[in-house]
Amino acid sequence: MTATTNEDAARFLSRRPSLLINNEWVASSGSDLIDVINPATEETISQIVNSTTDDVEKAVAAARAAFDGGEWSQQSAGQREALLHKLADLIEANKEELAELEYLDNGKPRKFFLAGDVPGAARNFRYFAGWATKIYGQTAESSYSPDHHVYTRKEPVGVAGMITPWNVPLAMATWKLAPALAAGCACVLKPAEETSLSALKLGELIVEAGFPPGAVNIVTGDGVISGAAIAAHDAVDKVAFTGSTKVGKMIVQAATGNLKKVSLELGGKSPTLVFPDANLKKAIPTCAMGIFMNSGQICAAGSRLYVHEKVFDEVVGGIVEFASKLKVGPGDDPDSVMGPLVNQTQLDTVSGYVDIGKSEGAEVAIGGSRLYDRGYFYAPTVLVDANDSMRVTREEIFGPVLVAQKFSDTDEAIARANDSQYGLFARAWTQDVSLAHTLAAKFKAGNVHINGGTPPDPNIPFGGYKQSGWGREFGREGLDLYLQTKSVLIAI
Ligand code: NDP
């Protein structure tokens with residue numbers, strides 16, 4: 001296998017497939033392995049373990065022991081803070097290898113991992129390192145008796161199971177591990193079977209950083225086996241899930257056995273409204289990259305575009321021109337802006353949706369086809385002449401497919417934007433401050449960006465209304481997902 005010239009990454013790809021349990025790299029109780037495919041070449045570059053339910057038992061037992069035995073849960077806040085900073089240091093020191101593994105596994109151009117996801121992962125650990133020493137309860141007055149000293153304690157929830165998707169693999173693992181470890185939870189992580197390499201590399205760095213055995217355990221493989229086992233496990237106190245709304249609902253069902261706490265980051269079909277007074281020079285490229293970044297495989301992608309009729313031709317024409325110049329190619333080509341889709345299934349899903357859109361009457365303004373003979377590349381695509389009842393407008397495609405429509409009236413545009421089972425993001429472009437605040441209040445979405453925005457920020461809560469999820473990751477609320485409150489009354 002010569003997938004990479006990066007010696008560290010090459011060594012990692014050829015390591016024995018194993019699981020992280022109790023700080024040891026152990027073999028599975030089964031023998032099933034899963035091939036790791038480079039989506040740009042369709043070549044097998046490595047293998048991971050397809051964990052058994054027995055492997056999950058061992059990982060949960062290790063986490064339970066680290067938590068109940070106190071080796072992890074009794075570490076001081078300062079020790080947790082220091083370990084999280086150490087882990088961030090190691091991520092920065094290993095950024096080239098992490099970016100290499102991530103692009104080979106997921107497909108997005110390496111330069112974006114190097115500039116964004118990998119430093120972002122370190123940043124997430126540093127951010128939550130800061131929170132570790134800022135966890136405290138409150139004092140309170142009893143309504144009934146002045147002779148009681150009353151206070152609350154914030155305690156870690158216990159063992160946290162984490163199930164993550166393939167679209168931004170390292171980032172998703174850190175979004176969950178960082179607050180959980182800051183809170184003092186012991187963790188069992190199950191990354192997506194498509195893209196487990198960066199989580200496994202992160203596991204090596206976690207051991208190197210000095211986290212005690214059992215604080216973080218990593219099982220890889222098929223979600224239907226190991227993910228479902230984590231979600232249903234009675235010794236898991238909380239499960240944090242990012243993925244499809246369909247599997248999110250299964251997680252909720254599975255969690256009923258011990259009523260474990262559940263947080264969910266699910267799908268989206270996020271609208272963008274462009275008003276005639278908008279700064280179109282900024283709006284056009286931002287809307288384009290809002291759907292083409294990561295080949296549209298982003299839950300928050302701006303996949304529904306509503307443009308005022310006065311500027312529709314200019315905006316959609318501009319996005320089509322942007323798409324025509326967008327370099328689609330393998331992630332090691334420094335000029336590539338869009339890589340392949342993650343796998344054949346996703347390629348089939350995306351092309352299937354575009355076919356459905358055409359059969360429903362939408363027109364392809366650009367794209368609409370697979371690219372190249374090899375690799376899961378799909379052209380940046382814009383559909384026009386669509387309407388709000390089409391499946392391409394209503395369902396999450398999770399690919400580089402923008403559905404553009406006209407509007408003429410603001411209230412009508414807001415109603416159409418909100419007419420979705422999802423509510424993750426909503427965006428708008430306007431210079432009118434009053435309209436901007438009106439939209440911010442009226443959008444039924446967990447995140448609103450007006451005239452731009454930044455990548456996900458660990459200090460800003462992220463999550464969805466409606467079927468886009470439960471709870472918020474990041475910020476104080478993200479930490480609270482891994483804490484519970486105990487009220488203490490002491491008679492004086
Ligand atoms: P899935 O829901 O299929 O998978 C997510 C994770 O769940 C994977 O690790 C998967 O394992 C696992 N899984 C699958 N079946 C089960 C099960 N029965 N019980 C427990 N775990 C299971 O989503 P994708 O990975 O395909 O990701 C794409 C979807 O995720 C999109 O809909 C997207 O919008 C959403 N998403 C949402 C985000 C958000 O922040 N709101 C962010 C990123 C993605 P396996 O790898 O074996 O399939």
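Heavy atoms only: backbone and side chains are in, while hydrogens, waters and symmetry mates are out. Every number for a ligand or one of its atoms is a count from 1 in the order of the listing. Not measured: the values here are computed from a predicted model.
- Distance check: K190 NZ to D222 CG gives 7.0 Å after rounding to the nearest 0.5 Å.
- Remark: side-chain polar atoms of S226 are not paired, donor with acceptor, to backbone N or O of S51 under 3.5 angstrom.
- Regarding atom 1 (P) of ligand 1, its nearest protein heavy-atom neighbour is S244 OG, 3.6 Å.
- Residue-level proximity to ligand 1 for I163 is carried by the side chain, the only part with a heavy atom below 4.0 angstrom.
- Near K190, with a cut-off below 4.0 Å to any heavy atom, the atoms of ligand 1 are 8 (C), 9 (O), 10 (C), 11 (O), 45 (P), 46 (O), 47 (O).
- Between the choices Q253, E193, Q346, the shortest heavy-atom distance to atom 45 (P) of ligand 1 belongs to E193.
- Using a 4.0 Å cut-off between charged nitrogen and carboxylate oxygen, R123 and D457 do not count as a salt-bridge pair.
- For ligand 1, the atoms sitting less than 4.0 Å from at least one non-hydrogen atom of M250 are 18 (N), numbered in the order shown with element in parentheses.
- Among protein heavy atoms, atom 16 (C) of ligand 1 sits closest to V247 CG1, 3.4 Å.
- With K134 contributing its side chain and G130 its backbone, the two residues share a donor-acceptor pair below 3.5 Å.
- Remark: side-chain polar atoms of W166 are not paired, donor with acceptor, to backbone N or O of V342 under 3.5 angstrom.
- Neither the backbone nor the side chain of I298 has a heavy atom within less than 4.0 Å of ligand 1.
- In this structure, N217 contributes its side chain and N22 its backbone to a donor-acceptor pair below 3.5 Å.
- For ligand 1, the atoms lying closer than 4.0 Å to a non-hydrogen atom of F462 are 40 (O).
- Counting heavy atoms closer than 4.0 Å to ligand 1, residue K246 contributes nothing at all.
- For ligand 1, the polar-atom distance check against E194 finds no nitrogen or oxygen pair separated by under 3.5 Å.
- Contacts with ligand 1 closer than 4.0 Å are made by no heavy atom of T245, backbone or side chain.
- A salt bridge is absent between K58 and E24; no separation between the charged side-chain nitrogens and carboxylate oxygens falls under 4.0 Å.
- Between T164 and ligand 1, a contact under 3.5 Å exists for at least one N or O pair.
- Residue-ligand proximity: G221 is placed with a non-hydrogen atom under 4.0 Å from ligand 1.
- For Y353, the side chain to side chain donor-acceptor pair (under 3.5 Å) partners are E395, not counting sequence neighbours.
- Using a 4.0 Å cut-off between charged nitrogen and carboxylate oxygen, R472 and D480 do not count as a salt-bridge pair.
- Near F241, the atoms of ligand 1 lying under 4.0 angstrom from a non-hydrogen atom of the residue are 2 (O), 5 (C), 6 (C), 7 (O).
- Comparing heavy-atom distances from atom 26 (O) of ligand 1 across F398, F425, W166 singles out W166 as nearest.
- Contacts of N167 with ligand 1, taken as heavy-atom pairs under 4.0 Å, involve the side chain alone.
- Checked against a 3.5 angstrom limit, the closest N/O atoms of G243 and ligand 1 fall inside it.
- Atom 34 (O) of ligand 1 has as its closest protein heavy atom E396 OE2, 2.5 Å.
- Of all the atoms in ligand 1, the ones that sit under 4.0 Å from a non-hydrogen atom of P165 are 25 (O), 27 (O), 43 (C), 44 (C).
- Side chain of T381 to main chain of V401: no donor-acceptor pair is present (N/O by atom type, distance under 3.5 Å, no hydrogens or angles).
- When the heavy-atom distances from atom 37 (C) of ligand 1 to V342, L266, D222 are ranked, the shortest goes to L266.
- The closest heavy-atom contact to atom 42 (C) of ligand 1, among the options G223, A228, G446, C299, comes from C299.
- Because its NZ or CZ atom is both nearer than 6.0 Å to the ring centre of Y482 and within 45° of the ring axis, K238 counts as a cation-pi partner of that residue.
- At a heavy-atom distance under 4.0 Å, atoms from both the backbone and the side chain of E265 approach ligand 1.
- Inside a 4.0 Å radius of atom 4 (O) of ligand 1 there is not any protein heavy atom.
- Remark: ligand 1 and S468 share no N or O pair separated by less than 3.5 Å (distance only, no angle test).
- Of the polar atoms of W175, none of the N or O atoms is found under 3.5 Å from an N or O of ligand 1, judged by distance alone.
- Contacts of A231 with ligand 1, taken as heavy-atom pairs under 4.0 Å, are absent altogether.
- In this structure D8 satisfies the salt bridge (charged side-chain N to carboxylate O under 4.0 Å, His left out) test together with R11, sequence neighbours excluded.
- At least one donor-acceptor pair closer than 3.5 Å links the side chain of N167 to the backbone N or O of Q297.
- The closest donor-acceptor contact from the side chain of K95 to the backbone of F113 lies at 3.5 Å or more, if one exists at all.
- Stacking of R374 on the aromatic ring of Y372 is not recorded, the 6.0 Å distance cut-off and the 45° axial limit not both being met.
- Note on D332 versus R110: no salt bridge recorded, every NZ/NE/NH1/NH2 to OD/OE distance being 4.0 Å or above.
- Using a 4.0 Å cut-off to heavy atoms of G227, the atoms of ligand 1 that qualify are 19 (N), 20 (C), 21 (N).
- Listed by number with element, the atoms of ligand 1 under 4.0 angstrom from any heavy atom of L424 are 41 (N).
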